[in-house]
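One structure is given below, represented as structure tokens, and several questions about it will come after.
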Amino acid sequence: GYGTVLLSGMVRLSNLEKLSSPLDLVESVKRHQDCICAAIEARSGVVYQCVGGSVLAYWHPQLDAPNHAQLAFDAACDILQSLPDLMAIQQPLTYDLDIVLGTGEMLADVFRPIQQFQIVGTAIAIADRISRTTGASSSCIRMSQYTVDLLRNPDRLEETGNLSRDNLDDLRIFSYPTKKDV
């Protein structure tokens with residue numbers, strides 16, 4: 001069925017040299033992941049994978065949570081709103097967040113014989129393709145037209161370009177900036 005995928009990554013890390021040890025970086029990344037995962041799970045999302053400063057999550061349509069795109073967008077907004085508090089704890093490390101939402105068909109597949117679970121389909125392909133394009137100059141949420149079409153009151157969105165890919169329609173891409181960008 002149709003669902004929404006969220007990809008989040010730490011970008012533009014700075015002040016790494018001011019950390020007292022490599023363990024400080026590991027602790028900072030762990031706090032970052034914990035904050036993001038809590039926001040995703042609070043909005044009925046499923047955290048699929050955490051690698052370093054990157055998180056992959058998804059929302060699949062369910063009877064009790066039919067608007068997967070709205071839930072994913074709300075979780076992304078919650079993450080951006082928590083960033084200043086997280087930065088205060090993380091000092092001297094600073095970074096921006098690039099959050100990408102892709103909506104489309106998705107399938108959770110189990111590959112045998114090793115029973116590896118994987119998300120496949122248009123939703124992950126769109127999110128992956130958006131994440132490979134140049135992001136904004138500071139933390140933001142970038143999303144496809146498919147995601148925007150499912151949002152209630154999608155204000156403060158800025159169209160940032162088009163995305164084309166084999167077997168995908170040309171998609172308009174939108175950005176939702178942090179308040180300091182507005």
- Once you round to the nearest 0.5 Å, how far does SG of Cys140 lie from CZ of Arg156?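 Rounded to the nearest 0.5 Å, the SG-CZ separation comes out at 11.0 Å.
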- Worked check of side chain to side chain contact (heavy atoms under 4.5 Å, CB included) between Arg12 and Tyr95: CA-CA 5 Å; Arg12 293 178 287 281; Tyr95 55 88; over 6 Å; no
- Message: Taking the side chain as everything from C-beta on, heavy atoms only, tell me whether Ile99 gets closer than 4.5 Å to Arg142.
- Response: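 Ile99 does not reach Arg142 side chain to side chain.
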- Task: May I ask you to test the Gln145-Phe174 pair for a side-chain heavy-atom distance under 4.5 Å?
- Result: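 With C-beta onward as the side chain, the pair touches.
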- Query: Going by atom types alone, do His60 and Tyr2 pair a side-chain donor with an acceptor below 3.5 Å?
  - Reply: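 Their side chains do not contain a donor-acceptor pair, so the 3.5 Å distance test is not met.
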- Would you check if the side chain of Thr147 reaches a backbone N or O of Met143 as a donor-acceptor pair within less than 3.5 Å?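 Looks like no, no N/O pair under 3.5 Å.
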- Item | Contact check, side chains of Ser54 and Ser8, non-hydrogen atoms, under 4.5 Å |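 Contact flag for Ser54/Ser8 side chains = no.
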- Item | Set of ring pair (Phe, Tyr, Trp, His ring centres under 6.0 Å) partners for Phe73, sequence neighbours left out |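 Listed in chain order: Tyr176.
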- Query: Will you find, in the side chains of Thr4 and Thr103, an N or O donor that is under 3.5 Å from an N or O acceptor?
  - Reply: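 Per modelled atom types, Thr4 and Thr103 side chains form a pair under 3.5 Å.
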- Task: Indicate, with yes or no, if Val26 and Met10 share a hydrophobic cluster defined by side-chain heavy-atom contacts under 4.5 Å among Ile, Leu, Val, Met, Phe, Trp and Tyr.
- Result: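 No, no single cluster joins them.
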- Message: Would you compute the distance between atom CD1 of Ile40 and atom CG of Asp78 and round it to the nearest 0.5 angstrom?
- Response: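 Taking CD1 in Ile40 and CG in Asp78, the distance rounds to 10.5 Å.
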- Does some side-chain heavy atom of Leu6 sit less than 4.5 Å from a side-chain heavy atom of Trp59?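 SC-SC contact between Trp59 and Leu6 confirmed.
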- Taking C-beta and beyond as the side chain, do Leu7 and Val55 meet within less than 4.5 Å on heavy atoms?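 The answer is no, as the side chains (C-beta and beyond) never meet within the 4.5 Å cut-off.
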- Is there a path of hydrophobic side-chain contacts, each under 4.5 Å between heavy atoms of I, L, V, M, F, W or Y residues, that connects Ile141 with Leu150?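 Each belongs to a different hydrophobic cluster.
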- Query: Any side-chain heavy atom of Leu80 within less than 4.5 Å of one from Cys77?
  - Reply: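 Not touching, per the 4.5 Å side-chain cut-off.
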- Item | 4.5 Å side-chain heavy-atom contact, Ile173 and Thr133 |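 With C-beta onward as the side chain, the pair stays apart.
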- Query: Are Leu25 and Ile89 grouped together when hydrophobic residues (ILVMFWY) are joined by side-chain heavy atoms under 4.5 angstrom apart?
  - Reply: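 Leu25 does not cluster with Ile89.
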- Task: Walk me through it: do Asp98 and Ser139 pass the test side chain to side chain contact (heavy atoms under 4.5 Å, CB included)?
- Result: CA-CA 6 Å; Asp98 187 25; Ser139 298; over 6 Å; no
- Message: Treating Gln33 as the side-chain partner and Gly52 as the backbone partner, does any N or O pair qualify as donor plus acceptor under 3.5 Å?
- Response: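 Yes, the answer is positive, given that a donor and an acceptor are paired below the 3.5 Å cut-off.
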- Task: Give the cluster check for Leu83 versus Ile79: same hydrophobic cluster or not, with ILVMFWY residues linked at side-chain heavy-atom distances below 4.5 Å.
- Result: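 Same cluster: Leu83 reaches Ile79 through Ile, Leu, Val, Met, Phe, Trp or Tyr contacts under 4.5 Å.
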- Message: Ring centres under 6.0 Å, that's the criterion: do His68 and Tyr58 meet it?
- Response: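 That pair fails the under 6.0 Å test.
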- Message: Do Leu101 and Ser144 make a side-chain contact, defined as non-hydrogen atoms from C-beta onward lying under 4.5 Å apart?
- Response: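 Leu101 vs Ser144: side chains apart.
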- Would you confirm whether Gln70, through its side chain, and Arg152, through its main-chain N or O, come within 3.5 Å as a donor-acceptor pair?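 Yes.
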- Item | Inter-residue atom distance Ile36.CD1 - Ser82.OG, 0.5 Å rounding |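 Going from the CD1 atom of Ile36 to the OG atom of Ser82 covers 7.5 Å.
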- Should Val100 and Val11 be regarded as members of a common hydrophobic cluster, given that ILVMFWY residues are connected when their side-chain heavy atoms come within less than 4.5 Å of each other, either directly or indirectly?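 No, separate clusters.
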